[in-house]
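Computed from heavy atoms alone, side chains included, the values below leave out hydrogens, waters and symmetry copies. Keep in mind it's a predicted model, so treat the numbers as computed, not measured.
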2 protein chains.
Amino acid sequence: MGIIRKTKSVKTLLEVFEQADSALSVVELVERLHREMNKTTVYRILDRLEDDGTLHSFMGRDGLKWYAKCRGCTASQHTDAHPHFQCRDCGKTECLTLDVSIPSVPNRKVDSAELLLIGLCEECLL
Amino acid sequence: MGIIRKTKSVKTLLEVFEQADSALSVVELVERLHREMNKTTVYRILDRLEDDGTLHSFMGRDGLKWYAKCRGCTASQHTDAHPHFQCRDCGKTECLTLDVSIPSVPNRKVDSAELLLIGLCEECLL
DNA sequence: AAATTAACGCAACTCGGTTGCATCAAGAAG
DNA sequence: CTTCTTGATGCAACCGAGTTGCGTTAATTT
Ligand SMILES: [Mn+2]
Ligand SMILES: [Mn+2]
Ligand SMILES: [Zn+2]
Ligand SMILES: [Zn+2]
C-alpha cells in the first residue's frame, strides 16, 4: 500500500530526494533526519513511496539498502530498470542512464535484473 | 589472509561446496552445519576461502550473503565475474555461465560488476 | 614428544531493519 | 470552524545476520 496522506514527514523526504543528485542509503537518511522524524517513520515512508512508483530501491555491495527517484514509474508500471554505480572509495552511489540488455536464461523466466557497477567515482579518481 | 591449516571444518565446507550444484547462503550453511561447527567458524572459513580464490560471494536481493565455487581463480587473480540467478519463489540461487559485458561509465573507473537476475527457476515455472 | 600458533567455541555484542501499540494529526464530513 | 475517522507517527522492545574478544584446542613444525 502506498502513500495516502501527505504528512510533514512525507513532504520532507520527497524534498530530500528532489534535491539529491545521487541515490541515498536508508542509514544516511535516518541519520540526517533523526531530529525531524523517527527511524521507523523513514523506513515506512520509503516503503510506501516505492509501492507508489515514486522511488526505487536496490542493495549496495555491503548489503545496505539504497533508494532513488524513479523516472516515469507508477504503482502498476515499475519498470525503471537501470544499473547503479557505487564508488568503493567514498561510497557515493548513483543511478546510471545506461541501457543494459537483460540477458535471458535457458529454462528460466527472468523478471528483473540488478546490475551494480563498482569502481571509483569522478572525484575519487583524481 | 587465506587458509593455512586444513582443519576438519575446512574439509567439511569444501566438501559441501563440491557437492552443491547451486550457490549457498551463509544462513543455510550455518543451519545445516550447526551440529558440526560454530556459526563463527562458518563465517571465518568462508572469508578465508574467498581470499584464497576458492569461493566467491555476492549479495542476494534480500541482503543475504551467498557463496559459490570459483572456476579457475587464485588469491591474486579473482576474476571469475559472472551473473547470478535467484528464484523469487523458492530462493534457489545459481551461478550463470553467461558472458556479460561490463559497461564502461564516462569519467568513472569500473572495477567490477554484480549482475543479479531475478525470476522463476526451472522447477517453479511448472 | 614438545612447542608453536592458526583455528575454534562461546558468549557477548553491533547494527540494519521490523513489530506492537498507544497517540497524533491529515483530511473528510457535517 | 468543529468533529470524526483512521492513516501515520513515536517509542520501546525486538529480530537476526554478521562481528569481536578471549580462552582453549588441535594442526603443523621442530
Ligand atoms: Mn536507480
Ligand atoms: Mn557465482
Ligand atoms: Zn568516490
Ligand atoms: Zn524456484
Side-chain angles (χ1 to χ4, degrees), chain A residues 1-17 23-68 75 84 86 91 93 114 116, chain B residues 1-17 23-68 75 84 86 91 93 114 116:
Chain A
M1 192 195 46
I3 294 283
I4 295 180
R5 295 186 183 173
K6 279 233 165 172
T7 64
K8 191 162 186 143
S9 297
V10 169
K11 285 176 196 160
T12 301
L13 266 166
L14 284 174
E15 215 168 289
V16 168
F17 278 98
L24 299 163
S25 74
V26 184
V27 171
E28 191 198 324
L29 285 168
V30 166
E31 166 57 27
R32 215 159 103 182
L33 301 171
H34 82 278
R35 270 166 230 276
E36 299 164 60
M37 68 191 83
N38 189 270
K39 77 169 173 175
T40 314
T41 304
V42 176
Y43 280 102
R44 294 200 268 229
I45 291 177
L46 293 173
D47 234 46
R48 280 180 257 142
L49 289 176
E50 186 169 25
D51 285 348
D52 281 347
T54 308
L55 300 179
H56 62 277
S57 71
F58 57 95
M59 291 284 171
R61 168 76 245 230
D62 46 15
L64 293 198
K65 203 169 188 180
W66 292 75
Y67 281 88
H84 295 99
Q86 185 164 39
T93 303
E114 240 175 76
L116 181 67
Chain B
M1 192 196 45
I3 293 285
I4 295 179
R5 295 185 183 176
K6 278 232 166 173
T7 63
K8 192 163 186 140
S9 297
V10 169
K11 284 177 198 160
T12 301
L13 265 165
L14 283 174
E15 216 169 288
V16 168
F17 277 98
L24 298 164
S25 74
V26 184
V27 171
E28 191 198 324
L29 285 168
V30 167
E31 166 57 27
R32 214 160 103 183
L33 301 171
H34 81 279
R35 270 166 231 276
E36 300 164 60
M37 68 191 82
N38 188 270
K39 77 170 175 174
T40 312
T41 303
V42 176
Y43 279 102
R44 293 201 268 227
I45 291 177
L46 293 173
D47 234 46
R48 278 181 260 142
L49 289 176
E50 186 170 24
D51 285 348
D52 281 346
T54 309
L55 300 179
H56 62 277
S57 71
F58 56 96
M59 290 284 171
R61 169 75 246 232
D62 44 15
L64 294 198
K65 202 168 188 182
W66 293 75
Y67 281 87
H84 295 100
Q86 185 164 39
T93 302
E114 240 175 75
L116 181 67

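- Between the NZ atom of B:K11 and the C1' atom of D:dT28 there is a distance of 12 Å, given to the nearest Å.
- With B:L14 as reference, B:V10 is the one residue of B:T12, B:V16, B:V10 to meet the side chain to side chain contact (heavy atoms under 4.5 Å, CB included) rule.
- Atom CD in B:E31 sits about 14 Å away from atom P in D:dG18, given to the nearest Å.
- At a threshold of 4.0 angstrom between heavy atoms, the contacts of A:V26 are confined to the sugar-phosphate backbone, with no base atom among them.
- Between A:M59 atom CE and D:dA17 atom P there is a gap of 13 Å when expressed in whole angstrom units.
- As rounded to whole Å, 13 Å separates atom P of D:dG16 from atom OH of B:Y43.
- Judged by distance alone, the side chain of A:H56 and the main-chain N or O of A:A68 form a donor-acceptor pair under 3.5 Å.
- Atom CE of residue B:M59 and atom CH2 of residue B:W66 lie 12.5 Å apart, to the nearest 0.5 angstrom.
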If the sugar-phosphate is the primed atoms plus P, OP1 and OP2 and the base is the rest, what is the B/S/- string for nucleotides 1-8 of chain C, using protein heavy atoms under 4.0 Å?
----BBSB
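- If you take NZ of A:K39 and C1' of D:dC14, they are 10 Å apart, rounded to a whole angstrom.
- In this structure, A:V27 and A:V30 have side chains that are not in contact, with every pair of non-hydrogen atoms separated by 4.5 Å or more.
- Looking only at side-chain heavy atoms (C-beta outward), A:L49 and A:Y67 stay at 4.5 Å or farther from each other.
- Rounded to whole angstrom, the span from the CH2 atom of A:W66 across to the C1' atom of C:dG17 amounts to 16 Å.
- Atom-to-atom distance recorded for B:L55:CG and B:L24:CG is 9.5 Å, nearest 0.5 angstrom.
- Computed from coordinates, the B:L33 CG to C:dG9 P distance equals 11 Å when rounded to whole Å.
- One atom, CG of B:L29, and another, P of D:dA17, lie 13 Å apart when rounded to the nearest Å.
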